[in-house]
There are 4 protein chains.
Amino acid sequence: MGRPPRKKAIIERSALELFAEHGIDGTSIRMIAEKAGVTEGALYRHHASKDDLVRSLFFQYFERIAELLAQAQESGESVDQKIRAMIRGFFTFYDDDPKGFRFVLLVQHVLLENVRGDMENPVEVIMGVLKKAVKKGEIPKQDVALSAQILLGIVMQTAIGHRYKRVQGPLVQHSTVIADACLRVLQFRGSGES
Amino acid sequence: MGRPPRKKAIIERSALELFAEHGIDGTSIRMIAEKAGVTEGALYRHHASKDDLVRSLFFQYFERIAELLAQAQESGESVDQKIRAMIRGFFTFYDDDPKGFRFVLLVQHVLLENVRGDMENPVEVIMGVLKKAVKKGEIPKQDVALSAQILLGIVMQTAIGHRYKRVQGPLVQHSTVIADACLRVLQFRGSGES
Amino acid sequence: MGRPPRKKAIIERSALELFAEHGIDGTSIRMIAEKAGVTEGALYRHHASKDDLVRSLFFQYFERIAELLAQAQESGESVDQKIRAMIRGFFTFYDDDPKGFRFVLLVQHVLLENVRGDMENPVEVIMGVLKKAVKKGEIPKQDVALSAQILLGIVMQTAIGHRYKRVQGPLVQHSTVIADACLRVLQFRGSGES
Amino acid sequence: MGRPPRKKAIIERSALELFAEHGIDGTSIRMIAEKAGVTEGALYRHHASKDDLVRSLFFQYFERIAELLAQAQESGESVDQKIRAMIRGFFTFYDDDPKGFRFVLLVQHVLLENVRGDMENPVEVIMGVLKKAVKKGEIPKQDVALSAQILLGIVMQTAIGHRYKRVQGPLVQHSTVIADACLRVLQFRGSGES
DNA sequence: AATGAATGAGATTTCATTCAT
DNA sequence: AATGAATGAAATCTCATTCAT
């Protein structure tokens with residue numbers, strides 16, 4: 001069996017960390033090669049181009065996040081359970097790999113437009129949850145597209161705030177507070193707080 | 001005595017728009033000069049470097065936004081009035097100059113760390129409002145730093161969603177809905193919505 | 001009467017000092033203008049170009065040095081008197097204006113080729129003195145061109161050594177020692193030392 | 001495994017010759033690349049910058065000259081033998097590679113200050129020889145630092161004079177005359193010239 | 001599978017000089 | 001007489017990519 005993609009994984013991780021720290025354009029092929037302990041040419045055995053490397057990394061993460069949300073969502077019955085599970089899942093992901101998160105944050109603006117319609121997509125997953133909740137009467141009728149954006153904003157900004165030291169400690173610790181805020185936004189009146 | 005610097009404003013606006021559209025690294029000095037109708041060298045009379053140009057533009061906007069929030073905040077008596085005024089102000093700013101907003105969004109991650117402590121700072125303004133509201137008993141005791149991040153996230157993501165066509169129409173139209181959501185997050189029980 | 005060439009002199013002195021410190025190419029028109037307290041354009045009222053400025057400064061010094069040597073030479077009767085006077089004169093010049101000397105040192109290689117045959121020329125002055133001394137039998141027959149180079153080398157290197165702190169104190173203090181060395185080179189057996 | 005760096009030596013020699021002819025600032029990277037038959041970028045594989053290239057070339061020569069003098073010095077017993085050998089060695093070096101010499105002459109003023117204390121240094125070698133000669137009583141007590149400068153000046157200026165056609169023929173031909181002059185400067189009374 | 005020298009295109013920046021004011 | 005904005009040309013350097021070894 002051997003371990004064929006050893007170098008490939010090292011290269012990708014090196015690239016990711018450099019991208020997260022210096023940005024895409026601030027990271028040269030040479031920097032990646034150096035950090036990965038290979039030469040510049042070797043990179044092209046695994047990826048057709050720098051652009052291809054970035055894309056590949058982005059979609060890996062993008063899919064992983066969408067999947068994570070989808071699974072979390074399935075794990076709960078009611079909206080509040082689903083939302084809580086999703087937020088916990090997302091924050092755990094952040095705590096495990098903050099550099100990965102920062103990378104996604106950086107390239108989202110460039111690459112979101114390339115996301116194919118048929119791909120698992122975090123925003124779509126959230127909207128799906130909200131639509132079902134409205135239909136089931138768990139939350140009042142509302143502009144679910146807008147609500148989904150708001151939830152996304154809350155979660156993302158919490159993570160960004162963490163990066164700039166405005167939010168302290170592991171993010172999972174804040175899961176409940178954040179989830180509560182989200183549910184208030186959605187006007188969920190459940191077993192909730194209050 | 002020398003010629004008046006007719007081109008400075010044009011250069012800055014051209015730069016801003018290109019930065020907003022193609023990103024900082026995606027915009028070359030040549031592109032800016034071309035769009036502004038000057039030669040590349042002309043740029044360096046007004047700004048020491050590309051970096052300096054970016055910085056200067058960012059801080060212009062940064063201060064303008066902080067000021068806008070500070071003024072809006074003063075215009076209201078109660079938290080809810082303040083919050084509503086701030087959001088309306090911010091969304092109006094966005095509607096007037098979406099490119100400016102997009103630019104700020106792009107560079108914030110690079111430049112936020114350079115913000116001096118003595119500068120007007122949007123996050124500080126928001127936190128100030130929240131602290132006072134807690135003290136006055138308008139909203140329950142809470143982690144105001146975290147709450148400020150949440151509000152910021154809600155507002156920013158709404159604007160981002162607008163850019164990616166997930167939120168439609170002028171943003172001011174959504175002021176009330178968004179403000180309501182923010183107030184629910186803060187657990188404000190006022191003259192509130194229904 | 002007035003004082004018309006006030007600015008011109010300031011500009012030239014500023015240029016000279018900057019050239020001496022940073023070299024010709026290392027000194028920009030802007031630097032000179034700044035140091036002289038005028039604007040870039042103003043420079044072109046007094047000198048047609050940067051090149052012209054450099055040339056003009058060089059020939060001013062070049063002639064002054066040649067003249068200085070010529071006068072010193074005339075002040076003495078015998079070779080040794082002439083040589084001693086020339087060296088004392090040259091070192092006094094250096095002590096009075098080391099920056100001027102450094103400037104001349106810098107540009108000599110570029111400009112020596114442009115020296116016109118009819119100009120007063122330090123090397124020619126020295127050679128004239130030597131030729132006459134040979135004719136008068138004060139010193140033995142020798143390759144006066146080569147001897148002139150040697151004398152020049154001794155004097156110049158003493159000045160260079162001063163700049164690099166290998167030779168200490170005002171250069172005039174070393175006049176006698178250096179002149180003695182030069183006379184030994186020329187095999188002058190006069191009232192000489194020992 | 002990669003291609004051997006066939007062009008490195010060619011680049012360095014091309015650079016040296018252009019520097020010698022047009023000066024450092026008068027030589028552009030493009031000129032060097034063109035002369036060497038490579039593209040501009042190729043230069044940066046072997047040297048981090050133009051400055052680095054200049055430095056590297058200078059120290060190569062600087063060390064070679066210091067070594068040459070050190071060896072010549074060891075080859076002789078008495079001062080006069082040492083001095084004669086050093087001058088012969090130096091002039092041979094000049095005759096073999098006048099462009100290299102001219103290059104060293106050009107940059108010495110810029111780079112001498114960067115010479116590390118632990119490097120072989122021509123001036124130190126000369127001073128060492130003189131100190132020992134004084135101690136052995138071969139030459140009278142004197143300011144050896146100043147004497148070393150004088151010897152250096154004599155030798156250097158001879159070479160400069162050669163470049164400006166004031167001294168003719170291969171320099172080695174003048175070794176004896178120059179060495180004699182140097183020994184007279186030092187007041188060496190040996191088997192000397194009559 | 002991998003190396004790293006070399007390419008080719010482009011980026012930022014500098015600067016002597018000109019010229020409208 | 002002077003200003004300083006703007007030009008135009010060039011300089012240094014970077015970098016994704018290719019390819020001989």
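Model, not experiment: these values are computed from the prediction. Scope of the values below: all heavy atoms of this structure, side chains included, with no hydrogens, waters or symmetry mates. Chain letters run A, B, ... following the sequence lines, proteins first, then strands; residues in each count from 1.
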Asker: Rounded to whole angstrom units, what separation is found between the CD1 atom of C:Ile11 and the P atom of F:dT3?
Answerer: 9 Å

Asker: Can you tell me how far P of F:dA16 sits from CG of B:Asp25, to the nearest Å?
Answerer: 11 Å

Asker: Can you tell me the base-pairing partner of E:dA1? Count Watson-Crick or G-U wobble geometry only, both distances below 3.5 Å, and say none if there is no partner.
Answerer: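 Matched E:dA1 with nothing under the 3.5 Å cut-off.
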
Asker: May I have the distance from C:Lys7 (atom NZ) to F:dA2 (atom C1'), rounded to whole angstrom?
Answerer: 8 Å

Asker: Salt bridge or not for A:Arg102 and A:Asp97, using N-O below 4.0 Å?
Answerer: no

Asker: Just so I know, are the side chains of B:Val104 and B:Phe62 near enough to count as touching, which here means a heavy-atom distance under 4.5 Å?
Answerer: no

Asker: Please tell me which of D:Ala48 and B:Glu40 maps to the more 5' nucleotide of DNA chain F, matching each residue to the nucleotide holding its nearest heavy atom.
Answerer: B:Glu40

Asker: Given F:dC13, E:dT7, E:dT17, which nucleotide is nearest the side-chain atoms of D:Tyr44?
Answerer: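 So the nucleotide nearest the side chain must be F:dC13.
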
Asker: Under 4.0 angstrom, heavy atoms only, what part of the nucleic acid is D:Lys8 near: base, sugar-phosphate, or nothing?
Answerer: nothing

Asker: When rounded to the nearest Å, what value does the distance between C1' atoms of E:dA1 and F:dT21 take?
Answerer: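 Taking atom C1' in both E:dA1 and F:dT21, they lie 13 Å apart.
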
Asker: Closer than 4.0 Å, any side-chain N/O of B:Arg45 to the OP1 or OP2 of F:dA5?
Answerer: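 For F:dA5, OP1 or OP2 has a side-chain N or O of B:Arg45 closer than 4.0 Å.
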
Asker: Closest nucleotide of DNA chain E for D:Ala42 versus for B:Arg30: which of these residues is on the 5' side?
Answerer: D:Ala42

Asker: Quick check for you: among F:dT12, E:dG8, E:dT17, whose closest atom lies nearest to any side-chain atom of C:Ser49?
Answerer: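 When the side chain of C:Ser49 is considered, E:dT17 is the closest of F:dT12, E:dG8, E:dT17.
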
Asker: Could you say whether A:Ile29 or C:Gly41 is positioned toward the 5' end of DNA chain F, judged by the nucleotide with the nearest heavy atom to each?
Answerer: C:Gly41

Asker: Should the pair B:Arg55 and B:Phe58 be classed as cation-pi, given the thresholds of under 6.0 Å to the six-membered ring centre and 45° from the axis?
Answerer: no

Asker: Between B:Glu34 and B:Arg30, does any side-chain N to carboxylate O distance fall below 4.0 Å?
Answerer: no

Asker: Under 4.0 angstrom, heavy atoms only, what part of the nucleic acid is B:Ser28 near: base, sugar-phosphate, or nothing?
Answerer: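 Sugar-phosphate, backbone atoms only, no base.
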
Asker: Over how many whole Å does the gap from B:Glu34 atom CD to E:dG10 atom C1' extend?
Answerer: 14 Å

Asker: Starting at CD1 of D:Ile24 and ending at P of F:dT12, how long is that distance when rounded to a whole Å?
Answerer: 11 Å

Asker: In terms of the nearest nucleotide of DNA chain E, which residue is placed more toward the 5' end: B:Thr27 or A:Val38?
Answerer: A:Val38

Asker: Would you say the side chain of B:Phe19 lies within less than 4.5 Å of the side chain of B:Val107, judging by non-hydrogen atoms?
Answerer: no

Asker: Looking at E:dA6, I'd like to know if its phosphate oxygens (OP1 or OP2) sit under 4.0 Å from a side-chain N or O belonging to D:His46.
Answerer: yes

Asker: Give the rounded distance in Å between these two atoms: CD of B:Glu12 and P of F:dA5.
Answerer: 13 Å

Asker: Please give, in whole Å, the distance from F:dT14 C1' to B:Lys50 NZ?
Answerer: 13 Å

Asker: Roughly how many Å is it from CD1 in A:Ile10 to P in E:dA2, rounded to a whole number?
Answerer: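 Going from CD1 in A:Ile10 over to P in E:dA2 covers 11 Å.
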
Asker: Only pairs with both distances under 3.5 Å count, Watson-Crick or wobble alike; so what is the partner of F:dT17 in this structure?
Answerer: E:dA6

Asker: State which residues pass ring pair (Phe, Tyr, Trp, His ring centres under 6.0 Å) with B:Phe101; sequence neighbours excluded, sorted by chain then number.
Answerer: B:Phe90, B:Tyr94

